[in-house]
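What follows is a single structure, written as structure tokens, with notes after it.
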Amino acid sequence: MTGVPTVIVHRDAELLAQAVAARLITRLVDTQAARGSAHLVLTGGTVGIATLAALAGTAAHDAIDWRALDIWWGDERFLPTGHPERNETGARQALLDHVDVDPARVHPMPGPDSGMTAEEAADAYAVELAKAARPEDHGPVPSFDVLLLGMGPDGHVASLFPGQPAVYEEDRPVVSVHGSPKPPPTRVSLTFPALRAAREVWVVAAGEEKAQAVRMALSDAGPFQVPAAGARGRQRTLFLLDRAAAHKIPPSLGRIASP
Ligand SMILES: O=C(O)[C@H](O)[C@@H](O)[C@H](O)[C@H](O)COP(=O)(O)O
């Protein structure tokens with residue numbers, strides 16, 4: 001797990017989404033050039049989906065080999081396929097329906113229409129992740145090249161909410177979540193062990209309401225109290241923020257890029 005995250009601040013939420021999309025193109029193109037394929041984990045939330053829309057809106061997205069990209073989700077609302085509140089629905093509408101992905105390499109988390117409970121859906125996703133893992137990966141999930149995370153005002157990432165059972169999970173890569181403080185109440189989420197298998201974790205946050213959680217996540221808060229404090233990649237962790245979300249960061253953090 002890496003040490004101190006790199007913080008990059010952009011003028012506003014719109015530029016942040018464009019900049020993260022551009023960064024994603026470069027990262028995925030470089031990864032595919034080096035290894036022929038890549039694993040990307042998507043997030044829900046307004047900033048996460050805005051990033052996908054920005055990616056769809058730039059012609060440069062065709063530099064990515066969409067047929068050689070495995071797409072996963074960090075969490076999912078436990079709702080039927082096609083439900084407007086599913087993270088998958090948002091991702092398909094914003095991006096995936098507009099690029100030539102290989103359907104066999106798009107891995108949505110199952111919903112209740114699968115006939116499974118949330119627990120069974122979590123177990124099924126863990127099996128799918130394990131099938132995609134290779135011997136050189138660190139554990140039962142692939143070494144995700146980029147794992148995107150939005151962050152809530154309480155510092156939650158994926159569906160790992162402060163003090164809830166899922167933040168204490170250290171063995172299973174995927175769990176069900178009940179009683180989520182952010183509706184809907186039932187979800188499926190990657191756990192910290194799965195998040196930390198990623199080569200790079202990118203926490204993307206915008207807005208004044210995130211500033212205190214950003215400050216705590218970059219200071220000495222613990223991951224159970226502020227889950228974003230536990231979201232760290234094996235090689236690199238980025239906090240990609242707009243100025244409003246960054247304005248409470250302690251000066252002690254050192255130089256912050258602010259294009
Ligand atoms: O299912 C979800 O809701 C997301 O995965 C969640 O983790 C989201 O990314 C954050 O709550 C930030 O959402 P906003 O960007 O909309 O504040």
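Order of appearance sets the numbers: ligands from 1, and atoms from 1 within every ligand.
- Of the residues Val175, Leu160, Leu190, Val174, the one that meets the side-chain contact (heavy atoms from CB on, under 4.5 Å) test with Glu169 is Val175.
- Under a 4.0 Å criterion applied to the non-hydrogen atoms of Thr46, ligand 1 contributes the atoms 14 (P), 15 (O), 16 (O).
- Between the CE atom in Met151 and the OG1 atom in Thr43 there is a gap of 11.5 Å [rounded to 0.5 Å].
- Near Asp75, meaning under 4.0 Å from one of its heavy atoms, ligand 1 places the atoms 1 (O), 2 (C), 4 (C), 5 (O).
- Note: Arg92 CZ to Thr81 OG1 = 8.5 Å, rounded to the nearest 0.5 Å.
- When non-hydrogen atoms are compared, ligand 1 lies under 4.0 Å from the side chain of Thr43 (C-beta onward) but not from its backbone.
- Proximity to Arg77 (heavy-atom distance under 4.0 Å) selects the following atoms of ligand 1: 1 (O), 2 (C), 3 (O).
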query = Could you go step by step and tell me if His178 and Glu119 meet the side chain to side chain donor-acceptor pair (under 3.5 Å) rule?
reply = CA-CA 10 Å; His178 297 277; Glu119 286 69 27; 2.5 Å; yes

request  = Step by step, work out the salt bridge (Lys or Arg N to Asp or Glu O under 4.0 Å) result for Asp242 and Arg11.
outcome  = CA-CA 6 Å; Asp242 72 350; Arg11 183 186 64 229; over 6 Å; no

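- Within the set Gly45, Gly150, Ala158, the minimum heavy-atom distance to atom 7 (O) of ligand 1 is found for Ala158.
- One distance of note links CE of Met109 with OG of Ser159; it measures 8.0 Å at 0.5 Å rounding.
- With rounding to the nearest 0.5 angstrom, the CG atom of Asn87 is 9.0 Å from the CG atom of Leu42.
- Between Gly44 and ligand 1, an N or O atom pair is found at a separation short of 3.5 Å.
- When each atom of ligand 1 is checked for a heavy atom of Arg187 under 4.0 Å away, the hits are 1 (O), 2 (C), 3 (O).
- Distances from atom 3 (O) of ligand 1 to the heavy atoms of Lys210, Met151, Lys182 put Lys182 nearest.
- Within ligand 1, the atoms closer than 4.0 Å to a non-hydrogen atom of His156 are 6 (C), 7 (O), 10 (C), 11 (O), numbered from 1 in the order shown.
- Backbone and side-chain nitrogen or oxygen atoms of Asn87 are examined, and one is located within less than 3.5 angstrom of a nitrogen or oxygen of ligand 1.
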